[in-house]
Each structure stands twice: as structure tokens, then as C-alpha cells.
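Structure first, commentary second.
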Amino acid sequence: MLQSVFHLNNGCDIPSIGLGTWNAKGSFVEEAVEYACKIGYRHIDCASIYGNEKEIGVAFRNIFSTKMNRRNDFFITSKLWNNCHRFDDVIKSCKKTLSDLNLEYLDLYLIHWAIAFVPGNDNEPLDTEGFAQIDKTPVQETWRAMEELVRLGLVKSIGVANFNTQSLLDLLTHCNIPPTVNQIELHPYNTQVELLQFMSKLKIHTTGYSPLGTPGKLKADSPVLLNDPVLINIAKKYKKTPAQILINWEISRGSSVIPKSINKKRLEENLWSLDFELTAEDIVMLTNLNKNHRFVNPVGWWKVPYFC
Ligand code: A2P
């Protein structure tokens, strides 16, 4: 049986499996979150840019209106968008998320990307050549505001997403509260072994997104992780599904994981991925599938070669 929670560097626990909500819209996400919480998910991963926090808020209102569900038994994450990195915008943005989600506090609030866009109504402000319009807000200012959210009691833990080694090292030179989590793309085609080792040394927990290889958002030339023959063979051996093997592999490596689904059967399948242990050889076989392939790369959206 694998770990059902991981300890963060501030004493809080993060459940090892969470529900991802990127690309889950409208009543689908509302129903999925309610069903997920009913069957035992205790970690829901949100973000303002996903455009669905109001619908998720309806689900939370229903969930927490019954005495059976106590807010402090759940772990809820959200993320600060790139055009809200200025101090006052961080505070405003977090309060808006709390109001949309119908919550009084977040368990975890993350800086979504290590890049600041010019503030305004446009979430992805581009210049005439299609390049993102970068704001001069230093990450020091943004992190000060994140720390203020903790002081105000609006957020229990703060962290980052999509930070590489340089961004983490820079943050560690000036933070008063160290980041608890870095949420990054993780799966056997993008194993990020060195970054994981380094973060473990720094006592920063990793949450892996796109653990199934984003099968619903594939480009024509993308590899299909769930169809990988090595993965399929391992799944047959354990009498599990490929998705369950991927989730188990990631937790075995010490990361929490947030597969997205709006389908009841797949929500159940993904949650029931902890009741077996992969052998060390099978973990290595999956890790050896690495091809440094990213399913999520903002160079196509903002012409920012973010991962170079
Ligand atoms: P759906 O929401 O219809 O279940 P990732 O978390 O890697 O981004 O993957 C999310 C995608 O994977 C969604 O398109 C989701 O579709 C699909 N998915 C979720 N769980 C499973 C599963 N157990 N098997 C196959 N596909 C899944």
C-alpha cells in the first residue's frame, strides 16, 4: 500500500492523489468534483486561469453544507495567474479565487508560472508579433504578497508551479517562507529525475501534472503515453490499467499526482491506484521511457521559450 499523504516542509500534509481540473468545464466539473469528494478524493487542484472556479465553488458549497464533510479534511489548491504578480493583485486575486470557490482559506496557493505578464483584463496579453507582454514585477514582490496571504490566514501553504532550478534558487535567496511545493509536468516521457532529486534535497515537495500524458489534448504529432507497449505490459502483469500504473509510479517516486477526469468510472479507477506496489525493476523500466517530452509547453502560446 502506497502513502496516502506526503508531509510538506511546513508540517502540513498533502494527499498523494488529487483531482486535476484543467480543461474541465461547466456542469461537468461541478459534478465531477462532487462525485470525486463523495468517493474519497481529498485533494482538488484548481487555478483561476482554468475558468471554472465558480462551478467548482458550487460543488464545494454542496459538499461542505453537509455535516459529514469537514473543510479541514480536504486539501484545496489554487494558482495565481501571470497577469496578477503585483503585490496588490496577488491579494485581490487570491480573494477572488476564495470567493469563487466559496472557501475561507486555501490549503495551497501556487505561483502558476515564473513569468509576469502586464496586468489587465487580458489573461494572455500578446504584442503584434504574438510574443507575451512581460511585466517588470520581480518575483520578490510576488512572493512577499504570497507570504502576506499566509499571515492573513487566507492560505495555509504557498508554493510554485513550473519553476526550474534557476527560478527556485533565485526564490530561495530572498524568501522568508520557503516554497512547500513545486507543481511540474511529470510522467514517464518527462521524468525530470535531476530536478526531483534537487527538490528533495531542498525539501520542496513535487506534485506532478499531466500524469497520463494529457490524452484529451494531444497534438497530431504527440506520442500517446497510455498506448506505450512497455506500460501496457506492466499493466497486464499487475492486472491494473495503464492509468493506475502511471499514478502508482509517480507516487512511488515521492510525488503527489493530479490526474484530471470528469468521468465517474475513470475518477474511481484513478483513485484506486494505491493498493499495490511496483517492483524496483518496473519503476526503473518506466523511468527509462523518458524522452524529455512535454505535453504542456507555453512556447506555442506566448512565443516564450520557457523551458530553454
Ligand atoms: P476524462 O476527463 O474524459 O476522463 P492528464 O491528467 O494527464 O491531463 O489527463 C487527463 C485526460 O485523461 C482527460 O482527457 C481524461 O478524460 C483522461 N483520463 C482520465 N483518467 C483516465 C483513465 N483512467 N484512462 C484513460 N484516460 C483517462
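We count residues from 1, following the sequence as given. Bear in mind the structure is a predicted one, so any value in this text is a computation, not a measurement. Indexing begins at 1, ligand by ligand and atom by atom, following the structure's order.
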Ligand-side contact atoms (ligand 1) for residue partner [X], heavy atom cut-off under 4.0 Å:
X: L226; result: 25 (C), 26 (N)
X: S210; result: 5 (P), 7 (O), 8 (O)
X: P215; result: 9 (O), 11 (C), 12 (O), 17 (C)
X: G213; result: 7 (O)
X: G216; result: 14 (O)
X: A243; result: 22 (C), 23 (N), 24 (N)
X: P259; result: 6 (O)
X: N263; result: 4 (O)

[Y] ring center within less than 6.0 Å of [X] ring center:
X: W113; Y: F163; answer: no
X: Y41; Y: F74; answer: no
X: H293; Y: F295; answer: yes

Going by an N to O cut-off under 4.0 Å, is there a salt bridge joining [X] and [Y]?
X: D127; Y: K303; answer: no
X: R253; Y: E250; answer: no
X: D88; Y: K92; answer: no

Item to check | Contact check, P211 vs ligand 1, heavy-atom distance below 4.0 Å | outcome: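 It does; at least one heavy atom falls under 4.0 Å.
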
Checklist entry - Angle class for the F6/H205 ring planes (parallel below 30°, perpendicular above 60°, tilted otherwise)? => result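 F6 vs H205 ring planes: tilted.
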
Quick one about [Y] and [X] (side-chain donor to acceptor, distance below 3.5 Å, no hydrogens or angles considered), yes or no?
X: Y209; Y: N162; answer: yes
X: N290; Y: N292; answer: yes
X: W272; Y: E268; answer: no

Checklist entry - Taking distance alone, with no angle check, do I262 and ligand 1 share an N/O pair under 3.5 Å? => result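 There is such a contact, yes.
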
Next on the checklist: For atom 6 (O) of ligand 1, which of the options K260, E185, Q244 provides the nearest non-hydrogen atom?
Outcome noted: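 Looking at heavy atoms only, the winner is K260.
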
For [atom], closest protein heavy-atom neighbour:
atom: atom 20 (N) of ligand 1; result: N270 ND2, 3.0 Å
atom: atom 18 (N) of ligand 1; result: L212 CD1, 3.7 Å
atom: atom 26 (N) of ligand 1; result: R266 CD, 3.7 Å

Checklist entry - Where's the contact between P242 and ligand 1, heavy-atom distance under 4.0 Å: side chain, backbone, both or neither? => result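 No part of P242 is near ligand 1 at this cut-off.
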
